[in-house]
Each structure stands twice: as structure tokens, then as C-alpha cells.
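In what follows, a single structure is set out as C-alpha cells and then discussed.
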Amino acid sequence: MNNREIAETFETVADMLAIRGDQIHRIIAYRRAAENIRELNRDLNAIMAEGNLTSIPGIGATLAEKIEEMLTNNRLAFYDRLAEQIPPKLVEMLKVEGLGPKRVKQIYDSLGITDLDQLSKAAQEGGLRQLPGMGAKSEARIIAGVEALVRHGDSRTPLGVAWPVANLIVEQLRDLAGVERVDVAGSLRRMRESIGDIDILVAADDAEPIMEFFCAMENVETVLGRGPTKSSVNLINGLQVDLRVLPAARWGTSLSYFTGSKSHNVRLRELAIKQGLSLNEYSFTPQDGQADILCATEEAVYETLGLPYIPPPMREDKGEIEAALKGELPTLVQMEDIRSDLHMHSTWSDGKMTIKEMAEAASRRGLSHIVIADHSASLGIANGLTIERLRDQAAEIRALDREFGPNFRILHGTEMEIRANGELDFPDEILAALDFVIASLHVGLRQPREQIMERLLGAVNNPHVDMIAHPTGRLIPDRPGADVEMEVLIQRAADTGTILEVNANPQRLDLQAKDVRRAIEIGAKLAINTDAHHADHFQFIHFGVATAQRGWATAEDVVNTWSADKLMAFVENKS
DNA sequence: TAGTAGTGACTAACATTTGCCCACAAATG
């Protein structure tokens with residue numbers, strides 16, 4: 001079994017334990033283990049070989065033994081035993097909106113129902129209302145819940161899809177009378193690569209008309225709930241949107257609460273308790289009966305806890321609280337720090353605009369230099385450049401560069417194919433003439449790990465290759481990406497001075513945040529690029545910056561914050 | 001179950017809203 005399968009097994013075990021009614025801490029332990037394994041940059045086999053499994057956070061002797069069992073036997077006896085009591089299919093039922101572990105257990109124990117089909121049928125026949133606490137309305141909810149699950153699945157929505165939907169709603173709410181502030185919260189504000197639902201927070205004294213408008217928006221399919229401060233709806237496209245309305249004087253505590261993450265919130269509330277305060281979305285409440293402390297800003301919330309402000313992309317309880325307590329929070333790279341885009345295409349290959357049009361658009365956005373990096377010959381589908389066309393392109397770029405003057409530089413690069421057999425598309429003497437050489441994988445992504453790594457490391461080890469673009473080649477949510485041994489790639493990139501890209505296209509976000517963080521720890525340099533095929537794509541940059549921020553990147557870590565001269569000096573140094 | 005303290009025992013995840021049935025489960029971050 002691989003890392004992903006082992007994490008999934010632990011996750012299922014946690015769900016099964018929850019249905020069985022086990023102690024909450026045991027369940028949490030399995031969930032934590034699953035999450036930490038998902039975040040791992042290394043293969044569990046390698047860690048086991050070093051005898052270091054318990055060095056993974058949340059893995060103690062017991063779980064280490066279970067991981068070892070799965071790695072060697074491809075199965076887990078504990079899981080099999082548990083499955084005799086709690087059929088693993090029951091876990092599917094937890095995904096039905098309105099069903100939790102207690103109800104699932106009750107339905108299984110009393111009716112013997114083990115899957116969604118039986119559940120839906122029993123609900124339709126009125127067989128669930130005999131259970132205590134269940135009635136006709138619960139049955140209807142369950143029928144709708146199963147239907148929604150079958151129709152839309154339980155998949156999360158890519159950031160790039162949710163972002164415009166959320167902003168459209170925000171714009172509409174902003175125009176309503178009595179609305180003082182509107183903001184996106186939740187995982188969307190933290191800029192996770194995929195989101196479960198859209199959370200929107202409104203500051204207003206009178207919530208009622210806002211709820212009224214929200215639940216009646218034209219793209220609302222069903223209203224899941226509507227109360228005085230909180231409403232939830234499902235949109236026609238299957239996305240769930242939650243709205244909370246609170247007074248502006250409580251904006252800081254409510255935005256902090258609604259932004260999360262859940263585990264970050266729990267940590268904040270624990271810190272509050274240690275200081276004799278109870279923290280909720282409305283205020284801090286001193287336990288000794290003194291007056292509530294209201295926070296109009298998030299800064300005030302963190303200040304009350306004795307912490308510096310923690311930016312939303314970091315709020316995942318991945319060490320940011322500890323760093324804040326020690327005063328060691330990094331200063332994250334910001335949009336304003338970005339001076340260049342080192343990966344874009346033109347009509348020379350599969351881009352939709354000419355080099356000049358791309359350059360003009362980039363210049364208008366305030367960039368100081370760009371790299372034109374069209375595809376190379378073997379990517380025929382993208383009209384990749386032969387050596388001859390590359391030379392012709394060089395002439396055009398040099399002329400345009402002169403035309404734009406000293407304040408905006410157009411550098412000549414390539415996005416060179418790393419072929420399936422590991423060969424590079426251009427020989428060294430051609431690469432030597434280019435300003436910036438990008439190498440990337442587009443074909444043979446399903447090769448075994450050894451082959452993928454041989455190809456990637458071959459490129460990294462070439463002294464002319466300056467950057468690896470979208471290192472895994474994943475596409476969210478369709479394609480998982482190549483089986484890259486990230487630890488090895490990052491280490492070699494750091495050793496050779498090869499830049500790793502954080503591709504800002506929301507379908508890619510590759511490197512992903514956890515790999516960004518590891519790259520920074522190891523000391524590899526990063527570039528945030530849009531991979532634009534049209535000037536409209538330049539706006540993707542903020543997704544890339546957010547991903548870098550989620551990986552704790554500072555301006556120092558990101559070469560796009562450098563001048564063209566500093567960048568050129570850096571790549572010339574590679575050997 | 002992990003982590004810690006210390007070799008067997010203890011502690012550890014907060015605080016709320018809503019729906020639906022009549023006290024609680026589920027869902028939200």
C-alpha cells in the first residue's frame with residue numbers, strides 16, 4: 001500500500017470508530033495520523049526502512065506498527081476485525097447531509113441498513129420514522145441528501161471554480177442597504193486549492209433583509225437552513241454557500257471564527273482559556289465576570305491573545321501558533337513583491353497572443369521583466385518550436401526588447417520538453433544561448449517513480465536548465481500528477497541552484513503548498529509564474545502567491561521578487 | 001491513540017447555530 005492508501009485506511013478506521021461510538025481521542029488520533037501522512041513529502045517505505053515512523057507527528061508505537069503491517073502485508077488485521085462489527089460501507093452514509101455517526105449506527109443496528117440504496121429505499125417507504133427522534137421530515141431530508149450525494153458526489157470544488165462564484169455573491173451583497181462589510185471567509189479566504197463550501201460574512205445590524213435576499217438569489221437551488229444569524233443554501237451548480245451576519249463591532253472575532261481553520265480556531269480558543277477568557281464569534285468573555293471584550297478587527301483578536309497577526313493562508317494549525325508565540329512568523333511574500341513572470345507562451349507555440357501583446361499586457365500590470373517560454377518541438381500538439389524557429393524567435397524578442405526600453409525586459413526562454421525517454425529537446429549549445437531555460441514533463445506522466453525521477457533529475461542536473469515548471473504535472477481535480485519523490489527533487493534542486501516553479505494556474509498549483517514549505521526548509525528557490533497562454537491569465541498570479549504563502553514563503557524565497565539582473569546572475573552561476 | 005511522565009496512569013478538542021422532535025444530533029469554522 002502507498003501513502004495515500006494508508007491515509008485513506010486510517011481515515012476509514014476513524015469513521016468506523018466514530019460510528020461504533022469509541023472515545024473521541026482515539027478517533028482524533030486516527031484522523032491526525034491520516035492527515036499527517038497525506039502531508040508527507042516522502043514515501044512511508046523509506047521512512048520505515050530508517051526505522052523512523054514514530055518521528056512522523058501523531059504516529060506513536062501503535063500506529064507505526066499498523067503502518068508497517070500495511071506496508072509489508074498490504075492489509076491491516078485491525079481493520080478486518082473492525083469491519084466485522086461496522087461494515088465499511090456504512091462510512092459512505094456519513095457523507096449524507098444530516099446523517100452523523102449516531103444516526104448511522106442507530107439505522108444500522110435497528111434496521112440492518114448498510115448502504116445508500118437501502119437507506120434511500122427505507123426512507124421512501126417511511127421505514128425510518130419508527131426510530132426515536134426521526135420523522136417524516138428527517139426521511140425527506142435523507143432522500144434529498146442521498147440524491148445530492150449521488151448527483152454531485154462529495155468532491156471538493158477547485159479554487160479556480162469557487163473563486164468567481166463567491167466574488168459574484170459578495171458583489172451582490174455589498175450593494176444591499178445596511179451592509180457595512182462583506183468578505184469571503186472559510187477555506188476560500190485561506191486559499192486552499194479546493195474548497196468544500198463557500199463561506200461569506202456580512203457586517204450589518206439588521207440581518208433579516210440580507211438573509212431574505214441571500215436565500216432568494218436566482219442561482220439558489222435549495223435552502224438548507226435559515227436562522228437569524230446564519231443561512232445555508234445549495235446553488236444550482238451543487239456548491240454550498242453559508243452566510244453569517246453579525247454586527248460590525250464584532251467583525252474581528254466573527255471573521256476570525258468564520259475563516260478558520262477549525263483546528264486553528266480550537267487552538268486560539270485554548271489559548272484564550274489559558275488567559276481566563278472564553279472566545280467565540282461574538283467576543284472574548286472573561287471568566288471572572290468582567291465585561292466582554294469586543295474586537296472589530298482580526299488584529300485585535302490576535303493582540304488580545306498576545307499574538308502577532310497571522311495571515312489567513314497560514315491558519316491551518318501547522319505550526320503557525322507556535323511560531324507566532326515565539327515571534328518567529330515569517331513575513332510572507334505579497335502580490336506587490338512580484339516583479340516578473342518567468343513562464344508564458346505566445347502565438348509561436350500554443351499561446352493566443354503575440355509576444356508584443358503579452359509584453360504590453362505584462363508591462364501594464366507593472367511587471368519589470370518577463371520570460372517568453374514557448375514549447376519545444378516534441379510537443380507537437382502545442383506547435384512546439386524547432387531549433388530553427390527558436391533562432392527566429394530570438395531575433396524577434398531581441399528587437400522587441402530594445403523597443404520596450406530599459407524599464408521593461410523581455411527575456412528569451414523555452415519550456416523545453418523532457419521526453420518520455422529522459423532526453424531533452426534541445427542540445428546544450430542551443431540552451432546556452434537562451435536567457436532562461438525551463439524544463440517540464442507533459443508526456444509519460446504515468447511512468448513508474450524511478451523513471452519519472454530519472455527524467456526530472458536528468459533535467460535538474462543539466463547546468464543549462466534553470467527551472468522545472470509544474471513539477472508533478474497534476475491537473476486539479478482530474479489528474480493526480482506524476483509519482484515524484486519530492487524530497488529528492490527538492491534536495492537536488494537546492495544543491496544545483498535549479499528553481500522550482502509554483503505554477504499559479506488554479507488548475508495546477510504545482511508545486512503545492514506542502515512542497516513549497518519543504519522546499520523552503522531545504523533551501524531551494526521558487527518561482528511563481530502564471531504559464532499564461534493569454535494576457536487574461538496574468539490574473540492567476542494571486543493564486544500562485546497564495547499557494548506560496550500557504551507554504552510560508554517569504555519574498556527572499558521567490559525569484560520573481562528579484563530584478564532581471566539579479567535573476568540573470570543567479571542562473572549564470574548554475575553549474 | 002499519542003504524548004508525557006516515568007514504566008502504569010493520566011490528559012487531551014472550543015463554542016456555537018439550526019433542524020426537528022420534544023432533548024438531541026448534526027453541522028459550522
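Labels below follow one simple rule: chain letters A, B, ... track the order of the sequence lines, proteins then strands, and each chain is numbered from 1.
- Of the C1' atoms belonging to dA5(B) and dC10(B), the separation is 9 Å, rounded to the nearest Å.
- Per the geometry, CD belonging to E139(A) stands 9 Å off P belonging to dC21(B), to the nearest Å.
- Distance from the side chain of D242(A) is smallest to dT28(B) among dT28(B), dA2(B), dC21(B).
- One donor-acceptor pair, N or O on each side, does fall under 3.5 Å between the base of dT28(B) and the side chain of Y257(A).
- The P atoms of dG8(B) and dC14(B) are separated by 30 Å, rounded to the nearest whole Å.
- For the pair M211(A) CE and dT17(B) P, the interatomic distance rounds to 12 Å; values are reported in whole Å.
- Closest to the L63(A) side chain, of the nucleotides dA13(B), dA27(B), dT1(B), is dT1(B).
- The CG-P distance, from L246(A) to dA15(B), rounds to 17 Å in whole Å.
- Under the Watson-Crick and G-U wobble criteria, each requiring two contacts below 3.5 Å, nucleotide dA2(B) is paired to dT11(B).
- Closest to the R103(A) side chain, of the nucleotides dT17(B), dT28(B), dA26(B), is dA26(B).
- In summary, the side chains of H264(A) and E316(A) do not present any donor paired with an acceptor at a separation below 3.5 Å, with no hydrogens or angles considered.
- Nucleotides dC20(B) and dA26(B) are separated by 14 Å at their P atoms, to the nearest Å.
- In this structure, H25(A) atom NE2 and dC10(B) atom P are separated by 15 Å, rounded to whole Å.
- Considering only the side chain of R190(A), dG29(B) comes nearest among dT1(B), dG29(B), dT16(B).
- Counting any heavy atom pair closer than 4.0 Å across all strands shown, I59(A) reaches sugar-phosphate atoms only and no base atom.
- Only the C1' atoms considered, dA13(B) is 25 Å distant from dG19(B), to the nearest whole Å.
- Using atom P as the reference point in both dT11(B) and dG6(B), the two lie 13 Å apart (nearest Å).
- Separating the CG atom of L243(A) from the P atom of dT28(B) is a distance of 15 Å, rounded to the nearest angstrom.
- Within the nucleic acid shown, K102(A) comes within 4.0 Å of sugar-phosphate atoms alone, with no base atom in reach, counting heavy atoms only.
- Of the P atoms belonging to dA15(B) and dA9(B), the separation is 31 Å, rounded to the nearest Å.
- In this model, the phosphate group of dT17(B) is approached by a side-chain N or O of Y282(A) to a distance below 4.0 Å at OP1 or OP2.
- With rounding to whole Å, L255(A) atom CG is found 19 Å from dT28(B) atom P.
- Between the NZ atom of K274(A) and the P atom of dC14(B) there is a distance of 11 Å, given to the nearest Å.
- With a 3.5 Å ceiling on both atom-pair distances, the Watson-Crick or G-U wobble partner of dA27(B) is dT16(B).
- If you take CZ of R226(A) and C1' of dA27(B), they are 19 Å apart, rounded to a whole angstrom.
- Across all strands, S256(A) comes closer than 4.0 Å to no nucleic acid atom at all (heavy-atom distances).
- If you take atom C1' in dC22(B) and the same atom in dG29(B), they sit 29 Å apart, rounded to whole Å.
- Ring geometry, H542(A) versus W163(A): the interplanar angle falls from 30° to 60°, so the pair is classed tilted.
- A salt bridge is defined here as a Lys NZ or Arg NE, NH1 or NH2 lying under 4.0 Å from an Asp or Glu carboxylate O, and E208(A) with R226(A) meets this definition.
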